[in-house]
Amino acid sequence: MRLRLRPRGGARGPSLNGEHALHRCNCRPDEKGASLTLAEIEPGRSVEVCCLDGDGPLARRLAELGFIPGTVVEVLRRAPLADPIEFQIRGYLVSLRREEAGRIRIRAGLRDASAIAQGEVVAALAEP
Amino acid sequence: MHGHNHSPSQSFHHRSTVAAEQPHTHLVALTGNPNSGKTTLFNCLTGSHQKVANYGGVTVDLREGLLRANGELWRVIDLPGMYSLSAVSPDEEIARDLIVFGFGATGRPDLVVQVVDGGRLERSLLLTMQLIEQGLPLVIALNMFDEVTRRGLLIDPDRLTARLGVPVVPTIGTRGKGLDRLTEAIKGALDGSRPEPLHVRFDPQTESALEGIEEVCRDAGAPVSRGVAIGLLTREPSAGRGLPAELVRRVAETVASGKPGIGGNWTDAVTHARYAAISDLLAGAASVGGGRGDSRTARLDALFIHRLWGIPIFLLILLTLFQLTFTIGAYPMGWIDAAVSWVGVLFKAVLPGLLGEVVADGFIAGAGMVLIFLPNILILMMGIHLLEDSGYMARAAFLMDRVMRLMGLHGRSFIPMLMGFGCNVPALMASRTLESRRDRILTMLLIPFMSCSARLPVYVMVTAAFFPRNGGLVIFGLYLWGVVVAVGSGRLFSRTLLKGQAAPFMLELPPYRWPTARTTFTLLRFTTKMFLRRIGTAVALAATVIWFLANFPRPEMAAGPSAYSHHSYIYHIGRVLEPAMKPLGFTLPMDIALVSGFIAKEVVVATMGVLFAGNADAGTETLVEQLRRQMPGTASALAFLVFVLLYTPCLTSVVTLQREARKWYWTTFSIIYQTGFAWVAAWGTYRMLT
C-alpha cells in the first residue's frame with residue numbers, strides 16, 4: 001500500500017494563487033506520521049471522510065457531490081486497469097481517479113461494509 | 001418546427017426570435033443534476049423528440065418547446081444538467097447563466113422545475129437549496145419514482161413539500177406519469193400562492209460573514225440576494241458579475257477579515273451546513289443514503305466491469321455489433337440494391353435522351369447507391385442507442401478511462417468520443433461537457449478519428465466486394481484502428497501542442513435501466529429522416545454534379561471502356577490528383593470519390609456509383625460486382641478504406657469545429673492533420689500489402 005506523506009503547514013490564509021493551503025483537521029496520522037486517503041483503501045471496505053485537500057474548483061465539486069466530513073463512503077471496485085475507482089456514496093455510484101481520490105482524507109479506523117449495512121454505529125479505532 | 005436535436009442551426013440562440021414573438025407566455029426552465037431525466041420529461045411535456053440516454057451530459061445546449069396547460073401557453077426550456085450553481089464546465093455555465101442572470105432578451109425564467117432522480121435525492125437537494133436562494137418560484141419533479149418504489153426507498157413527497165416549502169410532485173418521465181399534477185403545481189406556483197421556502201441556517205461565523213456582505217452591498221446601493229452573497233463569500237467566480245468592481249473588492253476585504261467556523265474555508269462551511277439541513281429535512285421523510293443501492297445494478301456491474309472480464313466483454317459486444325451490422329444488413333441491402341438498379345433502368349427507358357441519363361446515371365445511381373446502406377446504419381445506431389440507454393456506455397467510460405489517460409484526456413472525453421461513432425457533429429458539440437478548454441480542443445481534434453455512421457456505407461460497400469467472408473472483422477478493425485490513431489495523436493498533442501494535465505475525472509455510473517421502445521423508435525425515425533434528407537440534398541446534388549463533370553464535354557466518338565472520357569472535366573481534375581494519389585494504389589475514380597467525400601462520406605459511395613454506373617458494359621451488374629472488377633485489388637481497397645476512415649469527415653463537422661473552438665488555426669490544423677495522416681496511413685497500408 002502506497003502511503004502519502006501528510007503535507008506540513010497547518011492553517012494559513014488564502015495564498016496568492018487563490019488556493020487555500022491545507023487546513024488542519026482531526027484526521028489522525030498513523031504511527032508513521034501519514035494519514036490515509038480514499039485512494040489507498042481496498043475495495044469492499046467502507047470509510048468515513050475526514051476532510052478534503054485544497055479548496056479549488058475540484059474540492060468544491062467533491063464537497064458538492066457529498067464528500068464532506070463524516071460521510072460514509074464504500075469503496076466498490078477498481079477498474080481493470082487499476083484506475084479509476086468506483087465508490088458508493090449517499091446512495092449513488094461515482095468513480096474517481098486515484099489522483100482525485102487521493103485528495104479525500106479519511107478518518108483512521110476502517111469500517112466493515114457489512115457493519116454499515118446492518119446500521120451499526122461503529123466506533124473509530126482508538127488511536128495508539 | 002420544434003425539437004430535433006443535432007443540427008447546430010437549431011440551437012437556442014437561433015430560436016430566440018421565435019420566442020420573442022410570444023411575449024406574454026411564462027418561461028419555465030427544467031433544471032437538475034445530470035441524468036435526472038430532464039429531457040425525457042421535456043419531451044413528454046412539449047411533444048419534442050430530443051435525444052436522451054442513460055448517462056449525464058447528453059444535453060449541452062438550451063432547447064425550447066411549448067406546453068399548453070389549462071388554456072395557458074408556457075415556454076419550456078430544457079437545460080443541460082448541473083450538480084451545482086457553481087459551474088465548472090461550459091454546459092453547466094449555460095444552465096447557471098439562464099437561471100441566475102437570464103439570457104439576453106429571454107431574461108430569467110418565471111419558474112424553475114428541478115427534476116430530481118428519486119434514487120439520488122439527498123445529493124440533488126443540494127442544488128435545491130441553491131435554487132431556493134435564487135428566489136425564483138420552484139417546483140420539484142421527483143422523477144424516476146418507479147425506481148424509488150422498486151429499490152424499496154421510502155420517500156414521502158407530502159412531508160417533503162411541507163418541509164421545503166416547495167411543491168414536490170412524483171413523476172415517471174419514461175411513462176409520462178405524474179405530468180398532470182406537475183403542470184398543476186407549476187400553475188399554482190406561477191399564480192403566486194407560495195409558502196415561504198426553507199431557509200438554511202448556517203453556523204454563526206458564516207451567518208455573520210453573509211450579513212457583513214449583504215450590509216456592504218446594501219450600503220453601496222446594490223443589494224444582493226442570499227444566493228449572490230453566498231457566491232461572493234465562497235469566491236464563486238461568477239458571483240460578482242454585474243456588480244461594480246470596487247464593490248467586489250470591498251466585499252473580498254470583508255470576507256478575508258472573517259474566519260470560517262467549520263472546516264478550513266467558507267466553501268466547506270457552506271456545503272456542510274447545507275448537507276446538515278438536508279439530513280434534517282429527510283429525517284422521517286425519506287430513506288437517507290439509499291442503503292445498499294440497487295441490487296440489479298450491483299449484479300450486472302459485477303459482470304460488466306469485472307477486473308478480468310470487463311474489457312474482453314466490452315470488445316466482444318462491439319465486435320458482435322459490427323458483425324450484426326454487416327450480416328443482417330446484407331439482406332435488405334440486396335433488395336434495395338436490386339430495386340434501385342431496376343428503377344434506374346426504368347427511368348432510362350421512359351425519359352428521353354440526356355434527361356434519362358442524368359436521372360438514371362447521375363441522380364439514381366448516386367443517391368440510390370447511398371440509400372442501400374440505410375439498414376446498416378439503422379442497425380448500428382440502434383445498437384449504440386441500446387448500449388447508451390441501458391447505462392452500459394457509462395461503464396465503458398469507466399473501463400476505458402485508463403486508455404483515455406494515455407491520450408492525455410479526461411475520462412469524460414470518452415462520451416463525446418463515443419458519440420462520434422454515431423455522428424461527429426453532435427459529438428463535437430458534446431465536448432462542451434468538459435471542464436477545461438485544453439481538454440475540449442484535444443477531444444475535438446481526436447473525435448474525427450471516431451468512425452461515424454456515414455463512413456459505414458463505404459466500408460460495407462468495399463468489404464462486400466473484397467472481403468465477403470470476414471467483412472465484420474475488417475470493419476471492426478477499421479473502427480479499432482481509428483481509436484488507435486486517436487490514442488497516438490492524443491499522446492502526441494498532449495505532449496506538444498496542448499501540454500498540461502487533464503482536468504479531474506468524476507463519472508457517475510447510473511443504474512442499469514431498460515431502454516424504452518419510445519426512445520428507440522424516435523431514434524430510428526430521426527436517423528432515417530436525417531439520412532434521407534442528406535441523400536435528397538447534398539448527396540443528390542453532388543452525384544449530379546459529378547455526372548456532369550464526368551460526361552462533359554462530350555467526345556465526338558463513342559465513349560471508351562470507362563464512364564468518363566479523356567475529354568471530360570473529371571479526367572482533367574483526376575489527372576491533377578493522380579501524382580499525389582498514385583503511391584497509394586488508387587485509380588482515377590477513387591481519387592475523385594475521395595475529393596467529393598470532403599462534402600460528406602456518403603458522397604464517396606454516390607460518386608463511385610455514378611462513375612461506375614455509366615460504364616458501357618455495366619448492364620445489370622451490381623455496384624459490388626463493378627467494384628470488384630474496377631478497383632485494382634485488395635491492397636488498394638484496404639488503403640482506400642484507411643484513407644476514408646482518417647480524413648476530414650465532412651463539411652458540417654468542419655463548420656461545427658470552427659464554431660466550438662472559435663479559432664481558425666485549430667480548424668485548419670485539424671483538416672491538414674487528418675488528411676496528411678490519412679495519406680501516410682493509406683500509403684503504409686498499401687506498401688505493406690504489396
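Given the structure is predicted, the values throughout are model-derived calculations rather than measurements. In what follows, chains carry the letters A, B, and so on, assigned in the order in which the sequence lines appear, proteins first and then strands, with residues in each chain numbered from 1.
With sequence neighbours excluded, the residues that form a side chain to side chain contact (heavy atoms under 4.5 Å, CB included) with B:Arg299 are B:Ser295, B:Arg296. With sequence neighbours excluded, the residues satisfying ring-ring contact (aromatic ring centres under 6.0 Å, His included) with B:Tyr392 are B:Phe304.
Going from atom CD of A:Glu64 over to atom CG of B:Leu127 covers 9.0 Å, rounded to the nearest 0.5 Å. Taken to the nearest 0.5 Å, the CD1 atom of A:Ile41 stands 9.5 Å off from the CD1 atom of A:Ile85.
Heavy atoms of B:Ala394 lying under 4.5 Å from chain A are absent altogether. Contacts of B:Asn33 with chain A are absent, with no heavy-atom separation under 4.5 Å from either backbone or side chain. The part of B:Thr297 that comes within reach of chain A is its side chain, from C-beta onward, which places non-hydrogen atoms under 4.5 angstrom from that chain. Within the 4.5 angstrom heavy-atom criterion, no atom of B:Arg274 approaches chain A. Both the backbone and the side chain of A:Leu96 come within less than 4.5 Å of a heavy atom of chain B. Interface remark: B:Ile305 contributes backbone and side-chain atoms alike to the contact with chain A (heavy atom separation under 4.5 Å).
Contact check for B:Tyr83 versus B:Glu92: side-chain heavy atoms found under the 4.5 Å cut-off.
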